[in-house]
J.: 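Got a structure here, written out as structure tokens. Questions coming.
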Amino acid sequence: MPNKIDLHMHTAHSDGAYPPIELVKRSKEAGLSTISITDHDSVNGINEAIIYGKEIGVEVIPGVEISTDLEDKEIHLLAYFIDIENEELRKYLIFFRDERFHRAKRIVQKLRKLGLHITLDDVLAQAQNSSIGRPHVAYALVDLGIISNYYEAFDKFIGDNGPAYERKIHVSPQSALKLINDAGGLSIIAHPGYMKESILINLIKAGVDGIEVIHPSHNENQIKFYKGIVNQYCLLATGGSDFHGGKKGDDNNLGKYFISPNHLEAMRNMLQKNNA
Ligand code: AMP
Ligand code: FE
Ligand code: FE
Ligand code: ZN
């Protein structure tokens with residue numbers, strides 16, 4: 001049985017259902033040997049996960065998923081092996097989380113104008129101290145009985161073309177790449193399946209280190225296509241489950257989306273080269 005490595009997971013520090021320790025425990029039960037915690041715009045769950053992982057024999061690689069945008073489209077960049085104490089990274093994450101809070105307020109205002117009885121407190125109760133995102137709004141709408149499931153929130157209200165959609169503040173992929181590089185990490189284009197090829201190529205030219213090839217949203221043809229791109233441009237291939245758990249209904253995905261040790265070794269090699 002080869003080692004299974006899942007490099008894309010969310011905890012309750014962003015929009016995941018489980019605290020870091022619970023996620024590491026579930027990862028072990030799902031047969032994963034190595035994971036990365038990649039919360040949206042937060043690294044707060046990482047230390048705890050690393051320490052607990054050492055206790056039970058799961059390697060935890062520090063990660064974060066950073067939201068950027070290009071040509072009016074949202075682009076998520078995954079960063080791995082970043083120094084989570086890096087001052088600039090810390091400052092940026094605090095700034096961005098604050099922006100997320102203000103955006104949540106604007107989303108709630110829009111929903112109220114549409115006649116829905118939801119308050120900012122309902123959303124904050126879901127988010128607790130985490131990096132607030134649209135999923136917390138969706139969870140609140142479900143708990144209030146306004147909709148019947150998580151996905152309906154996106155389909156009817158807060159999806160990218162929905163009537164209560166609100167953009168995040170503009171951050172260019174280039175500035176996020178600089179942040180990741182300066183924090184000593186590797187930069188990966190997250191789940192590119194929805195992306196126009198021209199944007200993908202622009203990001204490669206901007207200097208990303210790799211592409212997330214394995215992801216639940218990718219079909220077999222897409223996986224083949226991204227493997228080809230990775231080979232053509234000498235990039236890293238990564239992958240994972242993008243696990244959130246709980247109301248998102250993806251609990252069965254743990255252990256199903258993974259990469260193998262040779263991919264992780266290639267990442268470590270590139271890291272050494274970059275930081276030499
Ligand atoms: P945010 O960063 O606040 O814009 O929220 C983005 C997150 O919402 C993504 O990482 C997904 O977890 C979730 N999400 C976005 N669009 C959808 C969708 N159409 N259906 C389900 N979940 C979604
Ligand atoms: Fe998410
Ligand atoms: Fe993402
Ligand atoms: Zn994610």
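What you see below is based on every heavy atom in this structure, not just the backbone, and it leaves out hydrogens, waters and symmetry mates. Order of listing sets the numbers, starting from 1, for every ligand and every atom in it.
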J.: Can you tell me if, anywhere in His8, an N/O/S atom lies at a distance from the Zn ion (ligand 4) that is smaller than 2.8 Å?
T.: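 Yes - counting backbone and side chain alike, His8 has an N, O or S atom under 2.8 Å.
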
J.: Between His40 and the Zn ion (ligand 4), is there a contact where an N/O/S atom of the residue lies under 2.8 Å from the metal?
T.: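 Coordinating: no.
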
J.: Is there side-chain contact between Ile188 and Leu77, with heavy atoms separated by less than 4.5 Å?
T.: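 No, too far: nothing below the 4.5 Å cut-off.
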
J.: Restricting to N, O or S atoms of Asp242, which is nearest to the Zn ion (ligand 4)?
T.: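 Checking each N, O and S atom of Asp242, the shortest distance to the Zn ion (ligand 4) belongs to OD1.
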
J.: If we check side chain to side chain contact (heavy atoms under 4.5 Å, CB included) with Thr34, which of these qualifies: Ile259, Ile61, Val60?
T.: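 Going through the options one by one, the only one that passes is Ile61.
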
J.: Quick one, Ile132 and Val123 - any side-chain contact, counting heavy atoms below 4.5 Å?
T.: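 With C-beta onward as the side chain, the pair touches.
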
J.: Taking the Fe ion (ligand 2) as the reference point, name the nearest N/O/S atom of Asp15.
T.: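 It is OD2, the N, O or S atom of Asp15 closest to the Fe ion (ligand 2).
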
J.: Quick check: closest heavy atoms across Tyr194 and His76, and the distance to 0.1 Å?
T.: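 Where Tyr194 meets His76 most closely, the heavy atoms are OH-N, 3.9 Å.
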
J.: Identify, by name, the N, O or S atom of His40 lying closest to the Fe ion (ligand 2).
T.: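 Of the nitrogen, oxygen and sulfur atoms in His40, the Fe ion (ligand 2) lies nearest to NE2.
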
J.: Rounded to the nearest 0.5 Å, how far does CZ of Phe243 lie from CZ of Arg26?
T.: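 The CZ atom of Phe243 is 6.0 Å from CZ of Arg26, to the nearest 0.5 Å.
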
J.: Below 3.5 Å only, please: the N or O atoms of ligand 1 paired with protein N or O atoms, distance on each line.
T.:
unit_1, atom_1, unit_2, atom_2, d
ligand 1, 2 (O), Arg100, NH1, 3.4
ligand 1, 2 (O), Arg100, NH2, 3.1
ligand 1, 2 (O), Lys168, NZ, 2.8
ligand 1, 3 (O), Arg100, NH1, 3.3
ligand 1, 3 (O), Arg103, NH1, 2.9
ligand 1, 3 (O), Arg134, N, 2.8
ligand 1, 4 (O), Arg103, NH2, 2.8
ligand 1, 4 (O), Arg134, NE, 2.8
ligand 1, 4 (O), Arg134, NH2, 3.0
ligand 1, 4 (O), Lys168, NZ, 3.3
ligand 1, 10 (O), His40, NE2, 3.1
ligand 1, 12 (O), Asp15, OD2, 3.3
ligand 1, 12 (O), His244, NE2, 3.1
ligand 1, 12 (O), Lys248, NZ, 3.1
ligand 1, 22 (N), Tyr150, OH, 3.2

J.: From the options His8, His10, His136, select the one residue that forms a ring pair (Phe, Tyr, Trp, His ring centres under 6.0 Å) with His244.
T.: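 Among His8, His10, His136, the one that satisfies the ring pair (Phe, Tyr, Trp, His ring centres under 6.0 Å) with His244 is His10.
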
J.: Applying the side-chain hydrogen bond (donor to acceptor under 3.5 Å, both in side chains) criterion to His191, which one of Glu65, Gln222, His218 satisfies it?
T.: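 The residue from Glu65, Gln222, His218 that satisfies side-chain hydrogen bond (donor to acceptor under 3.5 Å, both in side chains) with His191 turns out to be Glu65.
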
J.: Check whether NZ of the Lys or CZ of the Arg Lys248 lies under 6.0 Å from the centre of the six-membered ring of Tyr150 and within 45 degrees of that ring's axis.
T.: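 No cation-pi geometry.
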
J.: Among the N/O/S atoms of Glu65, select the one at the shortest distance from the Zn ion (ligand 4) and name it.
T.: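 For Glu65, the N/O/S atom sitting closest to the Zn ion (ligand 4) is OE1.
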
J.: Quick one: closest heavy-atom pair of Leu254 and Met9, and the distance?
T.: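 Here Leu254 and Met9 meet closest at CD2-CE, 3.6 Å.
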
